[in-house]
S.K.: 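Next up is a structure, given as structure tokens.
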2 protein chains.
Amino acid sequence: MKDQTIICSQSKIAGCDFALYPMTDQFVHVIMKALEEVDTSKVWVKTTDVGTCVRGKIVHVFDVTKALFLHAAQTGHHVVFSGTYSIGCPGDSAGDVFLAEDDIRLNEAQSSKIQQNIAGKFSLYPLGGGDYMDMIYSQIEAMKQEGIHVSSIHYATRLDGEGKDVFNGLEQVFTNMEKSDSSHTVMTVTISANSPSKKDVDNNE
Amino acid sequence: MKDQTIICSQSKIAGCDFALYPMTDQFVHVIMKALEEVDTSKVWVKTTDVGTCVRGKIVHVFDVTKALFLHAAQTGHHVVFSGTYSIGCPGDSAGDVFLAEDDIRLNEAQSSKIQQNIAGKFSLYPLGGGDYMDMIYSQIEAMKQEGIHVSSIHYATRLDGEGKDVFNGLEQVFTNMEKSDSSHTVMTVTISANSPSKKDVDNNE
Ligand SMILES: [Ca+2]
């Protein structure tokens, strides 16, 4: 067996290992349609039966994952995005060629048009050390300024608001982590749209 | 806002923040039915619109999550379990009273009867240091002896086999991490049943 996730290189390719879960009999159609509508040409992509992995520059990894979620959610079905964003690991080079892409986002024009209220949560795991506490708190303050409701839940931070704003906020947190001294950052994210369950937002911040 | 996930205490309560995703119009029914059939009386439980958190002794956290997944998968629908197991963090005490429970698993008799082939993956994040590499490799060897197919994928280790064996193997890995010197361990797990996608197992180990 090859190395597990534990041995880290200094490669600064970002990645997201994720899946979209449309809670409907038409789940295959919802996923295929979203994939059709999103331009993934600036990221390395591999899809298997346990999820999809995209790799490339941070901007494009977020551009693609945000767009896929928003397009799927737009169907009106209850859809959940669950993903792990990672940078600094593992030590292989698959997709490194995509680091040469420019920073122009291919899906931003479409994504920015989609209004979609979401409930989400994220956890940040700075595996490579670094000074990040102040950064996280200031980033959470910035999210609040964008109208995102932020609250603390077990093992995670909960986010409620406009889907595109939430993804943008998460991208900022992740980008700032990469700029900090952490050599390996992992961020787990769950974003839910159109849930029939009632919101459970704790207003005690 | 309260502390994020970063500040760790020495509390040895385990937890799993997870969700079941049944890809069917009957998703609410599938989840409710599984919850009905599983005895959660030895764990602290909180369910919101972004998932469920169970906390308690490691044995019961795994007993309950394994049973919920297997009961949901048994419906034949495409069902995914996505969860983050954690021990050693955060610093609050909710559910600590459940650490006084004995080690008798309430759902094992039922779970052990359920045959369910799965495809899954996991990643281990030892946030609190410790000597764990040999432990992980020996545990992966033990999983292979149980007939689980283990392969390396981006950011994770893929597992294919009998659902209950996979959960048992993951519980062993997690339990051994807790016994190692790591003061805070996080393990992300995705387990998929009845996927219409073809298997994508790399036989080059
Ligand atoms: Ca997940």
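None of the values given here were measured: they were computed from a predicted structure.
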S.K.: If we define contacts as heavy-atom pairs under 4.5 Å, which of A:Ser192, A:Ala19, A:Gly15 has the most with chain B?
M.R.: A:Gly15
S.K.: Under 4.5 Å between any side-chain heavy atoms of B:Thr84 and A:Tyr155, yes or no?
M.R.: no
S.K.: Would a 4.5 Å heavy-atom cut-off, applied to side chains only, mark A:Ile153 and B:Lys46 as touching?
M.R.: no
S.K.: Could you pull out the closest heavy-atom pair between A:Asp49 and B:Ser197, with the gap in Å?
M.R.: CB-CB, 3.7 Å
S.K.: List in chain and number order the residues that pass salt bridge (charged side-chain N to carboxylate O under 4.0 Å, His left out) with B:Glu141, two or more places apart in sequence or in another chain; answer none if no residue qualifies.
M.R.: B:Lys144
S.K.: Looking only at heavy atoms, which two atoms of B:Val50 and A:Lys121 are closest? And how far apart?
M.R.: O-NZ, 3.0 Å
S.K.: Got B:Tyr21 and A:Val80 here, is their nearest side-chain heavy-atom distance under 4.5 Å?
M.R.: yes
S.K.: With sequence neighbours excluded, what pairs up with A:Glu171 under the side-chain hydrogen bond (donor to acceptor under 3.5 Å, both in side chains) test?
M.R.: A:Arg105
S.K.: With only heavy atoms counted, which part of A:Thr24 is less than 4.5 Å from chain B, the side chain, the backbone, both or neither?
M.R.: both
S.K.: Strictly less than 4.5 Å between heavy atoms, which residues of residues 58-78 of chain A line up against chain B? Please order them by number.
M.R.: A:His78
S.K.: Within the structure provided, determine whether A:Asp25 and B:Met23 are in side-chain contact (heavy-atom separation under 4.5 Å).
M.R.: no
S.K.: Going by residue number, which parts of residues 26-36 of chain A are within reach of chain B, meaning a heavy-atom gap below 4.5 Å?
M.R.: A:Phe27, A:Val28
S.K.: Starting at OH of A:Tyr125, measure out to OG of B:Ser86 and round the result to the nearest 0.5 Å.
M.R.: 6.0 Å
